[in-house]
Amino acid sequence: MVEFQHLIDLNDLSVEQWNEIIQLALKIKANEKAYSEVCKHKILATLFYEPSTRTQMSFQTAMLRLGGQIIGFDNPQNSSVSKGENLMDTIRIVSGYADILAMRHPIEGAAKAAAIYAGCPVINAGDGGHLHPTQTLTDLVTLQSEKGALSGLTIGLCGDLKYGRTVHSLIKALSMYPNNKFVLISTKELSVPQYIKDWLNSHNCACQECYSLAEAIPQLDVLYMTRIQKERFASQEEYERQKNVYILDMEKLFHAKQDLCILHPLPRVDEIDLNVDKDPRAIYFKQAVNGVYARMALIMTLLQSNGTKRAPISHHCAHISCNNPNCITNHETYLEKSYKENGDLLVCEYCDERQLI
Amino acid sequence: MVEFQHLIDLNDLSVEQWNEIIQLALKIKANEKAYSEVCKHKILATLFYEPSTRTQMSFQTAMLRLGGQIIGFDNPQNSSVSKGENLMDTIRIVSGYADILAMRHPIEGAAKAAAIYAGCPVINAGDGGHLHPTQTLTDLVTLQSEKGALSGLTIGLCGDLKYGRTVHSLIKALSMYPNNKFVLISTKELSVPQYIKDWLNSHNCACQECYSLAEAIPQLDVLYMTRIQKERFASQEEYERQKNVYILDMEKLFHAKQDLCILHPLPRVDEIDLNVDKDPRAIYFKQAVNGVYARMALIMTLLQSNGTKRAPISHHCAHISCNNPNCITNHETYLEKSYKENGDLLVCEYCDERQLI
Amino acid sequence: MVEFQHLIDLNDLSVEQWNEIIQLALKIKANEKAYSEVCKHKILATLFYEPSTRTQMSFQTAMLRLGGQIIGFDNPQNSSVSKGENLMDTIRIVSGYADILAMRHPIEGAAKAAAIYAGCPVINAGDGGHLHPTQTLTDLVTLQSEKGALSGLTIGLCGDLKYGRTVHSLIKALSMYPNNKFVLISTKELSVPQYIKDWLNSHNCACQECYSLAEAIPQLDVLYMTRIQKERFASQEEYERQKNVYILDMEKLFHAKQDLCILHPLPRVDEIDLNVDKDPRAIYFKQAVNGVYARMALIMTLLQSNGTKRAPISHHCAHISCNNPNCITNHETYLEKSYKENGDLLVCEYCDERQLI
């Protein structure tokens, strides 16, 4: 079986490859017409096992603007899954129809599992609460475009830092570039997980925790806003007391730098006041447009990578079950379990769940 | 922000512009091949917040036949709306993906609201019970094609004239052309609203009310049939007594002119007997095909109109609420309320609801 | 009204026409690029009144790879059907949008009914439990490709031979080629219907019934596997006792010929052990890919057939009702009932239900 280059985790690619994709995205943005036929006669299948219209339309737009075509579904009830077919069979068949797949799935590790069986490149368009690498690529393209660099920045991340996969992924990505400083703005209950703090330490990144957006904002070059769901506060009283602390409004923005970049993965609910939209520092709608360019660059890159061979998983340990009940290996039981060793930990190659050896 | 030319209400355009679009539609119909690449590399997004497969497929066909491409959704549950996103954000983002939007929405004024925020032209594909201008364009293209003129016609409108938005819109459109006469055929309960009668008066249009299709039919050049829902009759007895009065069958058609044109916006239920379909005067299926040409002409026209600047709303009155509970301003509360003055009335710029000053 | 060439039942076409389509499919497979623009500016509408993502994507892929475009729906709730529109009206309108239709419908005979009213060719993509001719075309293309011939083969069919429409259709198709022998492998309760046995007799085909896959397998050139639903066994005990008899695994395969071809219409549940997938004799995933080539060849052939005129139905007998409650004539009551005479039987032209004269 031929292996293809996939994008399951941003770390499947080297930082040099990220930079190539980012530069390509900016070249496309500068001269879109030059790329309007590069994927002619190619087909992208968007397999959305849970609906996410925005992300699906971004992928579809990217492929169409490259001159390619699209097939796919957005509704698990309509797929053969409802007839009892396993993921492996679906992927084998659909990759016989399409030249590249973008898959969204509620189960963690599903995209990795798909990559094992696909007869074409696979892009992870979100696997449960685990990874969403094209959002991070979008964020990097936006910062490169707006700031001219991905280094030497003071980046504030505000909101739900505990569960926000886009936050974790962006921190890990920006830690690979020199002289970035992170300001983590959240309630204590919603601060980043320990493994992210460990990661920042091991990459020698400056990092500061802060409980007030207003206090943190003056030093920032970048502010990455995310939503805090009401039910994630410790109590209703806590919610009432704190909710405004993490809402960005013109008053807080008054003390920010003139060249601050405000990002948000969207959809936004009320964590950014609508008046902020008119401020030139609010670039979250530009960011959504950059998401199309990022995906165009990614699709082009993966389609040109045939010949590259890499095994999606490599360290089989059939007898050990993953502790994560939402891991794909606990749902599609024919999958070969596989773990990387990391000190005294086993890390699931599908969902990154860690367990002691 | 650049403003684009939209089609929210047919009255956004002048009668000269209608005529240009109608003529273009007929030119396309006569030589479709010549237009098969004019929208190459352009993308139409069909945003259907309520399903309407027919209308959506008509728009999609129009764009594909112009060489363009399509994205979109047909199911509000699958959209980001279900995550609490407001309409403004959705429109800003999707108009970053597509070159032109066609939107169907159950709330009145939604298309106007979309036009305020869109970064591309917006076509109203139906906003609640309010407007559906591309149906009226379709009707005009069909009459121009079949009759060779939009003036000097005796037009019967039959069925539910009280709630039928396509009827109201067609009356208003044809009243702009000289020497048209309207025959309004319905029960008393379902006759046209007073404002339509006022409109006809103010445009010096001949108009006659009639309670019998059979009586009205001999004088007609055009018969526009619509469905009367059973529950709109005054009572079950009334329904049983009257239902056949408004059904077109071969017996009634016997007394009609040989060049009568029978139109219907479709879907038809039982208000036109199936035997009528074979009569050459039945042109409602041709009308559906003309709908594609009308939309092709409209898409071409709006895409070529960049540079035209017009503000979708203009008369802000933030402190006055619209009395229509189904008006978009009562659902998307960030919208700036806006009213035109008409004598002693304020007319909502979104949904056309009128209230006393 | 112009009549078009349709594919409702494989028997609408002659064996010579089957062979032309099969040869065209193989030519396309050998040199796909040469066909990448042959349907440019043509539109396929996929009208799926019940979801079947796999089949729908196969048709869409076929049309896109021919350079054509696609519209359609996969959800009856979103179609105008939910507003009470009859099938005839929907088909008339959609065939005004598209150049060719592929229709899936839960009611038997629906595709035939569609062909009566369509203004373009119609492909039956499955009508209830009745017919699914493009699956059979796919099977034939696969056998021609793998075996180099459709004659002189010993073909085992295993599983649910009573209800499996793909099995019936394949038997009827292969019986038209010389020197094929059929081995029917199933429980007694799930053996082929009498009319299939009659068919094989009348075509002088060798045929053998067998209750054990293990016993049958050594002589086979082709093994066509299908799923037996648990509830189709006589009892729970019967299921437990027999379930493994009809599961293909490596042990049973050990005794098979080296050039056996294992087919399956997919989706597979557990009737083929996953270990079999790695065996080169397992060609069911190749078969799915061949389904795209078969559909490409079919679409090309039907689109080029304009001018051919044939009436979809011909023997009207308005006063006789079809005994099949799931026949389209019992759901769309305006349809003209029609029966072919076969000895002392009347055979419904829509659903093939037979009744005594």
Side-chain angles (χ1 to χ4, degrees), chain A residues 29 32-37 40 44 46 48 50-70 72-78 104 227 229-230 264-275 277-278 282 284-293 295-296, chain B residues 1-2 37 39-49 51 56 60 63-64 66-103 113-114 116-120 318 332-336:
Chain A
K29 186 175 178 173
E32 198 176 327
K33 271 194 180 168
Y35 298 85
S36 66
E37 304 265 328
K40 200 169 177 184
L44 166 73
T46 56
F48 275 53
E50 63 180 7
S52 178
T53 311
R54 179 74 47 71
T55 302
Q56 191 169 23
M57 289 174 85
S58 182
F59 273 106
Q60 293 171 329
T61 301
M63 191 59 174
L64 293 173
R65 290 201 191 166
L66 292 170
Q69 293 285 13
I70 52 176
F73 59 81
D74 61 6
N75 191 334
Q77 270 77 54
N78 289 2
R104 176 83 153 217
R227 179 160 66 108
Q229 290 174 282
K230 195 194 277 196
H264 192 299
L266 303 178
R268 159 252 313 256
V269 181
D270 53 16
E271 58 279 9
I272 300 180
D273 187 273
L274 301 183
N275 286 315
D277 296 358
K278 293 166 200 139
Y284 28 91
F285 294 114
K286 282 192 197 177
Q287 184 185 2
V289 173
N290 287 330
V292 176
Y293 296 115
R295 291 179 177 101
M296 290 171 81
Chain B
M1 193 192 278
V2 181
E37 305 265 329
C39 287
K40 199 169 177 182
H41 300 141
K42 298 289 182 190
I43 296 175
L44 165 73
T46 56
L47 309 182
F48 275 53
Y49 285 83
Q56 192 169 22
Q60 293 171 329
M63 191 57 173
L64 293 174
L66 292 169
Q69 292 285 13
I70 51 176
I71 58 171
F73 58 82
D74 61 5
N75 192 335
Q77 268 77 52
N78 290 1
S79 79
S80 292
V81 179
S82 62
K83 296 181 192 161
E85 185 173 71
N86 66 34
L87 181 67
M88 170 178 74
D89 281 11
T90 301
I91 292 299
R92 279 168 167 169
I93 293 166
V94 179
S95 64
Y97 297 166
D99 299 289
I100 186 165
L101 308 183
M103 186 169 103
I116 298 171
Y117 297 103
C120 68
E332 305 270 331
T333 50
Y334 55 86
L335 290 168
E336 296 189 90

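Below, chain A is the first sequence line, B the second, and so on; all start at residue 1.
The distance from atom OH of A/Y35 to atom NE2 of B/H41, rounded to the nearest 0.5 Å, is 14.5 Å. Note: A/T53 OG1 to B/I93 CD1 = 11.5 Å, rounded to the nearest 0.5 Å. Of the inter-residue distances, the one linking A/R54 atom CZ with B/Y97 atom OH reads 5.5 Å to the nearest 0.5 angstrom.
B/D99 meets the salt bridge (Lys or Arg N to Asp or Glu O under 4.0 Å) test with no other residue; sequence neighbours excluded. By the side-chain contact (heavy atoms from CB on, under 4.5 Å) test, A/E32 pairs with A/I28, A/R65, A/Y293, A/M296, sequence neighbours left out.
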(request) Tell me, with the steps shown, if B/M88 and A/L274 meet side chain to side chain contact (heavy atoms under 4.5 Å, CB included). (result) CA-CA 10 Å; B/M88 170 178 74; A/L274 301 183; 3.6 Å; yes
**OP:** Show your working on side chain to side chain contact (heavy atoms under 4.5 Å, CB included) between B/D89 and A/F285 and close with a plain yes or no.
**Re:** CA-CA 8 Å; B/D89 281 11; A/F285 294 114; 3.4 Å; yes
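Heavy atoms closer than 4.5 Å to chain A are found nowhere in B/K42, neither backbone nor side chain.
Ranked by heavy-atom pairs under 4.5 Å with chain B, the first of A/D277, A/D270, A/T55 is A/D277. Taking A/K33, A/R227, A/Q69, A/Q287 one by one and counting their heavy-atom pairs under 4.5 Å with chain B, the maximum is reached by A/Q69. Heavy-atom pairs under 4.5 Å with chain B peak, among A/G291, A/G67, A/A288, A/S58, at A/S58.
For the side chain to side chain contact (heavy atoms under 4.5 Å, CB included) with B/I71, the qualifying choice from A/M57, A/M63, A/Q56 is A/M57, the only one to do so.
By the neighbour-count criterion of 12 heavy atoms within 6.0 Å, atom NZ of A/K286 is sparsely surrounded, having that number or fewer from other residues, nucleotides or ligands.
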